[in-house]
Each structure stands twice: as C-alpha cells, then as structure tokens.
Number of protein chains: 2
Amino acid sequence: MSSPRPRIPEATVARLAVYLRVLAALADAGRSNVSSGELASAAGVNPAGLRKDLTHLGPCGVRGVGYEVVTLRDRIARVLGVERSRPCVLVGIGNLGTALADYAGFGSRGFRFVGLFDAAPGRVGQEIGGQPVRPMEDLDEVVAATAATLGVIATPADVAQSVCDRLTTAGVRSILNFAPVALSAPAGVDVRQVDLSVELQVLAFLGQQRGAAAAEVTA
Amino acid sequence: MSSPRPRIPEATVARLAVYLRVLAALADAGRSNVSSGELASAAGVNPAGLRKDLTHLGPCGVRGVGYEVVTLRDRIARVLGVERSRPCVLVGIGNLGTALADYAGFGSRGFRFVGLFDAAPGRVGQEIGGQPVRPMEDLDEVVAATAATLGVIATPADVAQSVCDRLTTAGVRSILNFAPVALSAPAGVDVRQVDLSVELQVLAFLGQQRGAAAAEVTA
DNA sequence: AACTGTGAAGAGGTTCACAGCA
DNA sequence: TGCTGTGAACCTCTTCACAGTT
C-alpha cells in the first residue's frame with residue numbers, strides 16, 4: 001500500500017458521517033447538485049468548515065457550481081468504509097439494546113448485527129429484527145465465525161466491564177459502550193463511551209447558564 | 001445575584017457529570033477521601049485535567065491529601081443544578097423512548113419525566129415506569145402545568161422537526177434530539193444532537209485507520 | 001512525602017477572508 | 001457572478017511541569 005494515509009481528524013469523521021446521510025437523502029430525492037451552503041445547513045454546520053472537511057478527501061467540487069450529489073456520496077462512503085458491511089455484535093438486549101438491534105439506520109450505514117446476546121435466560125430465544133437472542137456462552141463462537149471486530153455494550157453498568165473483557169478476549173477490537181462506567185481494555189482495543197444522561201445533564205446546565213445570563217442582563 | 005459567573009466550559013461540564021456519578025458511588029461505598037489520580041482513573045480521564053476541571057468550582061481539595069468525597073459530590077451537584085429535579089418531557093415512545101423513560105439513572109441525576117408522548121394511538125395509555133403514555137394533544141397542557149423546560153425527542157427522523165416545533169411552541173427551551181436529522185429551532189432554544197449510528201461509524205473508522213496503520217508498519 | 005492548584009506550552013478544531021476557477 | 005479551496009488568525013481544550021501546602 002502506497003496510499004498517502006492522510007489521517008482524517010476525528011471531528012471531521014463524525015461530520016462526514018452526517019454529510020453522507022444528508023447526501024443519501026438528496027440522492028434519493030433526485031437532486032444532482034448541491035452547494036456547500038445548502039449541505040452545511042442541512043447538516044447543521046458552518047459552510048466553511050464543511051468545505052474544509054471535504055478537503056481531506058481531496059478536491060471534489062466544482063468552483064462556482066457546487067458538488068455533485070452522487071459522486072460526493074460515494075466518495076465519502078468509500079472513505080468511511082461503508083461499502084463493505086461490517087459484522088457487529090450487541091450485548092444486552094434490554095430496551096436500549098432492542099432499539100439498537102431494530103434500528104434500520106445501521107444497515108444502510110454499513111453495519112449488520114451478526115449476534116445479539118443477553119445473560120437473562122428469559123430473553124434468550126426471543127427474535128428481534130429477524131434474529132434470535134443468544135446466550136453469552138455462544139459469544140466466542142459467533143465472533144470467531146463472523147470475524148466481528150465491532151461490539152456494542154448495552155447492559156447495566158455493573159456487568160459492563162466483564163462483558164468488555166469477554167468481548168476483547170473473543171477478538172473484538174472496537175467497542176461502543178452505553179453503560180455508564182468507564183471501561184478499561186487492553187492496548188489495541190478502542191472503547192468509545194456514550195452516556196445518555198450526561199448529554200441531558202450538559203443540556204440542562206447550558207440552558208440554566210443561559211437563563212442565568214439573561215436574568216443578569218435584566219437585573 | 002452578585003455571583004462571579006465563572007462560565008464553565010462545555011467539555012468540563014460533561015466531565016463534571018461523570019465525576020459526580022463516580023463520587024456518588026464512592027460515597028455509597030463509604031469512602032471518605034479520594035485523590036485526583038484515583039478519581040481520574042475511575043472516570044477515564046487525565047488526572048491533571050480533572051484537577052483543572054475542579055478549579056472551576058474554586059479550590060476544593062486538600063493538598064497532600066486529596067478530596068473529601070461527600071463534600072466534592074455535593075459541590076458538583078449544586079453547580080450542575082442536580083439538587084432540584086427538573087421536569088422533562090419525552091416524545092416518541094418506541095424502544096429507545098422506552099429505554100429512556102425506564103432508565104433509573106435519570107432520577108438520581110436530577111431529572112424526572114413528567115410526560116411521555118406518542119402519536120400512535122396503540123401506544124397511548126400504556127404504562128411505562130409507572131407513567132401513562134399520552135397523546136400529542138396533551139403536550140401543551142402538560143408542559144404548561146409542569147413548567148417543563150427540557151424535552152427529549154426519540155421519534156423517527158421524518159417527524160422530528162414537527163415535534164421540535166411543537167415543543168418550542170409549548171415552551172420547552174432545551175431539546176435533546178435522538179432522531180438523525182439536524183433540527184432548526186428559534187433563537188433562545190438549545191438543541192443537542194445525539195446520533196447513535198454516527199458514534200458507531202466513527203468507532204469503526206478509527207479502528208479501520210488503526211488497523212491500516214499497523215499493517216503499514218508490518219509491510 | 002504526597003497531592004493539589006496553576007501558569008505555560010502544545011495540539012486540535014473552528015472561523016474568517018480571500019484567492020482561484022468555472 | 002458564484003462557489004470552492006485554503007492559508008492564517010483565532011479560540012478552545014489538553015497536557016505538562018512544578019510551585020505551593022499540609
């Protein structure tokens with residue numbers, strides 16, 4: 001491989017995923033061209049920032065005109081690796097896990113769940129999105145058979161670390177964790193944390209701060 | 001009010017919420033003191049960064065010793081405004097909405113759902129977490145009666161904007177949006193976006209990039 | 001001796017303004 | 001004229017190193 005390996009910043013990657021979604025919708029609607037201004041507004045970002053993000057893919061627009069929707073969509077899809085669909089396992093089939101397993105969005109974004117796991121015997125055997133929930137004992141076998149390198153944890157906090165350990169042992173290299181605990185994993189394994197109630201708390205704080213600032217002006 | 005209004009950075013607020021969770025657990029476990037190193041490790045952050053974060057609350061540790069667990073917990077709780085529990089409405093009671101409504105974590109973090117809403121007649125009347133799902137028509141009334149200023153959208157993408165409009169009209173000032181669309185709201189209304197599949201996509205990309213870099217070394 | 005609080009340096013990301021092309 | 005591509009300024013956040021305190 002003699003690729004330049006441009007190293008795309010994480011913040012840009014997150015936004016590319018959003019642009020991809022918007023472009024897919026535009027393409028479905030039959031649009032052929034779009035400007036950075038319109039795309040940025042649909043994605044909720046600054047137009048100049050969007051253009052800078054696209055720079056990481058090399059020049060891909062036409063000056064004075066804009067971007068060709070389908071071309072740009074495919075280019076981003078290729079860079080993000082959405083073309084090949086990645087096998088992914090999901091542990092913890094409560095309400096959140098079910099929501100994730102059911103979410104059609106993943107399919108069109110380059111992911112497929114190849115295994116749904118839960119420790120509760122009551123849940124095992126249920127079908128979700130056309131797939132059975134399996135017992136934790138099957139984890140190693142499924143990961144090995146499907147070569148899944150992505151795992152999602154949607155269990156209660158108290159078992160998340162042990163689930164993480166089992167996933168890494170089985171061979172999973174990237175983990176998305178929804179349980180409200182910081183996980184430790186061996187070097188070479190990425191863990192990404194999403195904490196829903198932290199999001200709400202930040203939102204509430206910012207709103208409170210804004211309200212206080214406004215009151216101060218009035219005072 | 002003659003408060004100094006120190007303006008706490010958003011990144012710090014998010015971490016304070018995490019520290020608060022860890023401190024609450026430590027307090028429940030009967031611990032009385034904790035060092036920045038231990039707290040940082042439990043929260044998954046750098047110790048120096050943690051100390052800098054705490055600077056925004058004013059000095060609150062003892063040099064050579066560490067932090068008093070309960071004192072620090074209460075201080076962060078007061079700053080984040082967790083003491084008073086905030087009324088919050090939730091629209092879209094699918095799997096994700098149900099997961100959010102059921103999640104006990106919110107209660108202990110200063111939030112209470114005072115209204116669960118869904119447009120589907122089939123869902124209306126169901127009880128979730130001891131609360132009935134209501135029809136969208138009741139939204140204005142409930143927001144007015146409870147003075148809710150926080151709203152959570154967990155609907156499909158195609159109705160999210162209209163839900164957002166209804167929420168802001170009803171008087172909600174801060175919105176957490178789980179639907180994969182950028183929402184536009186009037187000035188004075190905060191919208192915070194959480195996109196679950198973007199998180200997975202970023203994770204997958206970083207893993208792929210890491211894998212590629214490793215392969216390059218081997219080559 | 002241990003650990004906090006913090007200035008200063010550094011890295012990363014965002015915004016601006018404008019040059020370059022169609 | 002209109003819109004992209006981009007250097008440069010700006011800003012925020014992170015990390016380091018160490019002075020200060022018990």
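We name chains A, B, ... by the order of the sequence lines, and we start the count at 1 in each one. Keep in mind that this is a model prediction, so the values were computed, not measured.
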Classify the nucleic acid contact of A/Gly66 as base, sugar-phosphate or nothing, counting any heavy atom under 4.0 Å across all strands shown. sugar-phosphate
Pairwise 5' ranking along DNA chain C for A/Ala11 and B/Cys60, keeping only the more 5' one: B/Cys60
Do B/Asp53 and B/Val45 have side-chain heavy atoms sitting under 4.5 Å apart? no
Do B/Val82 and A/Gln201 touch side chain to side chain, with heavy atoms closer than 4.5 Å? yes
Stretch residues 183-207 of chain B: residues that reach within less than 4.0 Å of DNA chain C through a heavy atom: none
About how many Å separate CD1 of A/Ile153 and CZ of A/Phe117, when rounded to the nearest 0.5 Å? 13.0 Å
What residues 15-29 of chain B contributes to the DNA chain C interface at heavy-atom separation below 4.0 Å is none
Report yes if some heavy atom in the side chain of B/Phe111 is under 4.5 Å from a heavy atom in the side chain of A/Leu200; otherwise report no. yes
Which pairs with one or both residues in residues 81-97 of chain B pass side chain to side chain donor-acceptor pair (under 3.5 Å), sequence neighbours excluded? A/Asp102-B/Asn95, A/Gln208-B/Arg84, A/Gln208-B/Arg86, B/Ser85-B/Arg112
A/Arg51 has an atom CZ; how far is it from atom P of D/dT4, in whole Å? 6 Å
Between B/Arg75 and B/Glu68, does any NZ, NE, NH1 or NH2 come within less than 4.0 Å of an OD or OE carboxylate oxygen? no
Distances for protein N or O near nucleotides 20-22 of chain D N or O, under 3.5 Å:
residue	atom	partner	partner atom	Å
D/dG20	N3	B/Arg63	NH1	3.2

Please list, chain by chain and in numerical order, all residues satisfying salt bridge (charged side-chain N to carboxylate O under 4.0 Å, His left out) with B/Arg51, sequence neighbours excluded. none
Spacing of B/Leu50 atom CG and B/Ser41 atom OG [to the nearest 0.5 Å]: 10.5 Å
By salt bridge (charged side-chain N to carboxylate O under 4.0 Å, His left out), which residues pair with B/Asp118, not counting sequence neighbours? B/Arg123
Select base, sugar-phosphate, or nothing to describe what B/Pro9 touches, counting heavy atoms under 4.0 Å on all strands. sugar-phosphate
Please list, chain by chain and in numerical order, all residues satisfying side-chain hydrogen bond (donor to acceptor under 3.5 Å, both in side chains) with B/Arg210, sequence neighbours excluded. none
A/Tyr19: partners by ring pair (Phe, Tyr, Trp, His ring centres under 6.0 Å), with sequence neighbours left out: none
Stepwise, does the side chain to side chain contact (heavy atoms under 4.5 Å, CB included) test hold for A/Leu150 with A/Val89? CA-CA 6 Å; A/Leu150 268 69; A/Val89 296; over 6 Å; no
For B/Asp28, is there an ion pair with B/Arg73 - N to carboxylate O distance below 4.0 angstrom? no
List the atom pairs, donor and acceptor, that lie under 3.5 Å between side-chain atoms in residues 167-181 of chain A and the rest of the protein, sequence neighbours left out.
residue	atom	partner	partner atom	Å
A/Thr168	OG1	A/Cys164	O	3.2
A/Thr168	OG1	A/Asp165	O	2.9
A/Thr169	OG1	A/Asp165	O	2.7
A/Asn177	OD1	A/Ala179	N	2.9
A/Asn177	ND2	A/Ala179	O	3.1
A/Asn177	ND2	A/Val181	O	3.1
A/Asn177	ND2	A/Gln193	OE1	2.9

Keeping the roles fixed (side chain from A/Gln161, backbone from A/Ser184), state whether a donor-acceptor pair exists under 3.5 Å. yes
Within this structure, what is the NZ-to-C1' distance between B/Lys52 and D/dA19, rounded to whole angstrom? 14 Å
What is the distance from OH of A/Tyr67 to C1' of D/dG2, rounded to the nearest Å? 13 Å
Tell me: CG of A/Leu50 to P of D/dG5, nearest whole Å? 10 Å
Taking heavy atoms of chain B and a 4.0 Å limit, find me the 5'-most and 3'-most nucleotide of DNA chain C within that range. C/dA2 to C/dA8
Hey, is the main chain of B/Val142 close enough, under 3.5 Å, to the side chain of B/Thr146 for a donor-acceptor pair? yes
For residues 33-40 of chain B, which residues have at least one heavy atom under 4.0 Å from DNA chain C? B/Ser35, B/Ser36
Any A/Leu72 side-chain heavy atom under 4.5 Å of A/Leu39 side chain: yes
With each end axis built from five pairs of C1' atoms, what bend angle do you get for the helix from C/dA1-D/dT22 to C/dA22-D/dT1? Round to 10°. 0°
Does A/Glu10 come within less than 4.0 Å of A/Arg192, counting only side-chain N to carboxylate O? yes
Spacing between A/His56 atom NE2 and D/dG5 atom P, to the nearest angstrom: 13 Å
